[in-house]
Amino acid sequence: MVKVATTKLDRTRVARTALDLLNETGLEGLTLRAIAQRLDVKAPALYWHFKDKQALLDEMATEMMRRMAEGFLSSPDADWRVALTAAMRGLREHLLHYRDGAKVFSGTRYTDLSYAAPLEAHLRVLAEAGFAPGPAARAWFTAYNYTIGYVIEEQSTGPAPGRDEDGYDLVARAERLAAYPLAAAAGEEMFRSHDRGFEEGLATIVAGIGATLVTSGE
């Protein structure tokens, strides 16, 4: 007798399973075969939904966006500085939930319009604060790219979830850079205290946006 699956296999279910598996395998170890094993199906069944790994990553990023769109991105504050800061803090926190989360999220293409309503809401806050459409888009995208880039570096040099390691070895780095004392000392600032570093960088981005874009034209 052929065993019939009791739960329908669809793109969303596969993406959610992949996100659950990500913390165990990391991005490099995440394969359609591993996901199929977790779902108790044959790997070819997944190719019906995803032609390759990039298509899967697109759906994973979209699922991440759905979760964010239903949460912290849904109701931005009326103050653009508060709204932008809160959105980027929330984005970082969400990406950090997943091992290699920022790498999964970066460079992907959403498979639905779950991003549209929150993006529209945040751009409207900027517009109502006096930003023209072009500068509003640049303001959002600059902060967004800063956040994703920061988390990519943070996750690449820090300890991975569930693994017994301390991340970047700053002592060894300092020894290699003994002839370059300023570069050696910079390691502590660049590869430790990630929360403080992110907040200081984000504050700089927001201040720069306020100084250069709020009254600029198209």
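Everything numeric in this text was worked out from a predicted model, so none of it was measured.
Within the 4.5 Å cutoff, the side chain of L27 has heavy atoms near those of the K53 side chain. Looking only at side-chain heavy atoms (C-beta outward), L123 and F131 stay at 4.5 Å or farther from each other. At a threshold of 4.5 Å between non-hydrogen side-chain atoms, the residues F72 and E93 do not count as touching. T142 places none of its side-chain heavy atoms less than 4.5 Å from the side chain of Y144. Side-chain contact between M190 and R173: present, with at least one pair of heavy atoms (C-beta onward) separated by less than 4.5 Å. Side-chain contact check for E154 versus L96: some heavy-atom pair is nearer than 4.5 Å. Side chains of T157 and H194 form a contact here, defined as non-hydrogen atoms less than 4.5 Å apart.
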Under 3.5 Å donor-acceptor pairs involving side-chain atoms of residues 75-82, not counting sequence neighbours:
| residue | atom | partner | partner atom | Å |
| --- | --- | --- | --- | --- |
| D77 | OD1 | D79 | N | 2.8 |
| D79 | OD1 | R81 | N | 2.9 |
| D79 | OD1 | V82 | N | 3.4 |

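Here the options are T111, T108, V104, the test is side-chain contact (heavy atoms from CB on, under 4.5 Å), and the partner is M60; only V104 passes. Among L22, D100, L19, the single residue meeting the side-chain contact (heavy atoms from CB on, under 4.5 Å) criterion with L30 is L22.
Closest approach of M65 to F105, counting heavy atoms only: CE-CZ, 3.9 Å. The shortest heavy-atom contact between A102 and V151 is CB-CG1, 3.6 Å. Contact detail for A15 and E63: the closest heavy-atom pair is CB-CB, 4.3 Å. Nearest heavy-atom pair across Y110 and A61 is CE2-O, 4.1 Å. Annotation for L73 and P118: closest pair O-CB, 3.6 Å, computed over non-hydrogen atoms. Nearest heavy-atom pair across L126 and A139 is CD1-CB, 4.4 Å.
F141 and I205 fall within a single hydrophobic cluster, where Ile, Leu, Val, Met, Phe, Trp and Tyr are joined by side-chain heavy atoms under 4.5 Å apart, directly or via other members. Both V41 and L56 are part of a single hydrophobic cluster, where members link through side-chain heavy atoms under 4.5 Å apart.
In terms of modelled atom types and a separation under 3.5 Å, the side chain of R33 and the main chain of A43 share no donor-acceptor contact. A donor-acceptor distance shorter than 3.5 angstrom exists from the side chain of Q155 to the backbone of L95, with no hydrogens or angles considered. Within the 3.5 Å criterion, the main-chain N or O of G187 finds no donor-acceptor partner in the side chain of R192.
Atom CG in N23 sits 10.0 Å away from atom NE2 in H97 (nearest 0.5 Å). Here L39 contributes atom CG and T17 contributes atom OG1; the two are 4.0 Å apart, rounded to the nearest 0.5 Å. Here the straight-line distance linking atom OG1 of T85 with atom CG of L202 works out to 5.0 Å at 0.5 Å rounding. For the atom pair OG (S114) and CD (E70), the distance works out to 8.5 Å, reported to the nearest 0.5 Å. Note that CG of L57 and CE of M64 are 10.5 Å apart. Values are rounded to the nearest 0.5 Å. Separating the CG atom in N145 from the CD1 atom in I152 is a distance of 9.5 Å, to the nearest 0.5 Å.
V171 belongs to no multi-residue hydrophobic cluster, having no ILVMFWY side-chain contact under 4.5 Å with any other such residue.
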Test log, rule side chain to side chain contact (heavy atoms under 4.5 Å, CB included), inputs K103 and E28: CA-CA 10 Å; K103 288 182 180 179; E28 290 186 5; over 6 Å; no
What do the steps show when you test R196 against E189 for salt bridge (charged side-chain N to carboxylate O under 4.0 Å, His left out), and what is the final call? CA-CA 9 Å; R196 178 176 57 81; E189 195 66 30; 3.0 Å; yes
Could you please spell out the steps behind the salt bridge (charged side-chain N to carboxylate O under 4.0 Å, His left out) verdict for R66 and E59? CA-CA 10 Å; R66 291 186 194 112; E59 191 64 35; 2.8 Å; yes
Side chain to side chain contact (heavy atoms under 4.5 Å, CB included), that's the test. Do D58 and F50 meet it? Break it down for me. CA-CA 10 Å; D58 290 345; F50 302 100; over 6 Å; no
Are R124 and E128 close enough, and set up right, to give a salt bridge (charged side-chain N to carboxylate O under 4.0 Å, His left out), and what steps lead you there? CA-CA 6 Å; R124 185 175 295 112; E128 291 175 352; 5.0 Å; no
Please report the C-alpha distance between T12 and D10 in whole Å, then the side-chain angles of each, then the deciding distance to 0.1 Å, and finally whether the side-chain hydrogen bond (donor to acceptor under 3.5 Å, both in side chains) criterion is met. CA-CA 6 Å; T12 299; D10 58 24; 4.7 Å; no
Stepwise salt bridge (charged side-chain N to carboxylate O under 4.0 Å, His left out) test for R89 and E199: CA-CA 8 Å; R89 284 174 178 164; E199 289 293 331; 2.9 Å; yes
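Using a 30° and 60° split on the angle between ring planes, Y146 and Y150 fall in the tilted class, from 30° to 60°.
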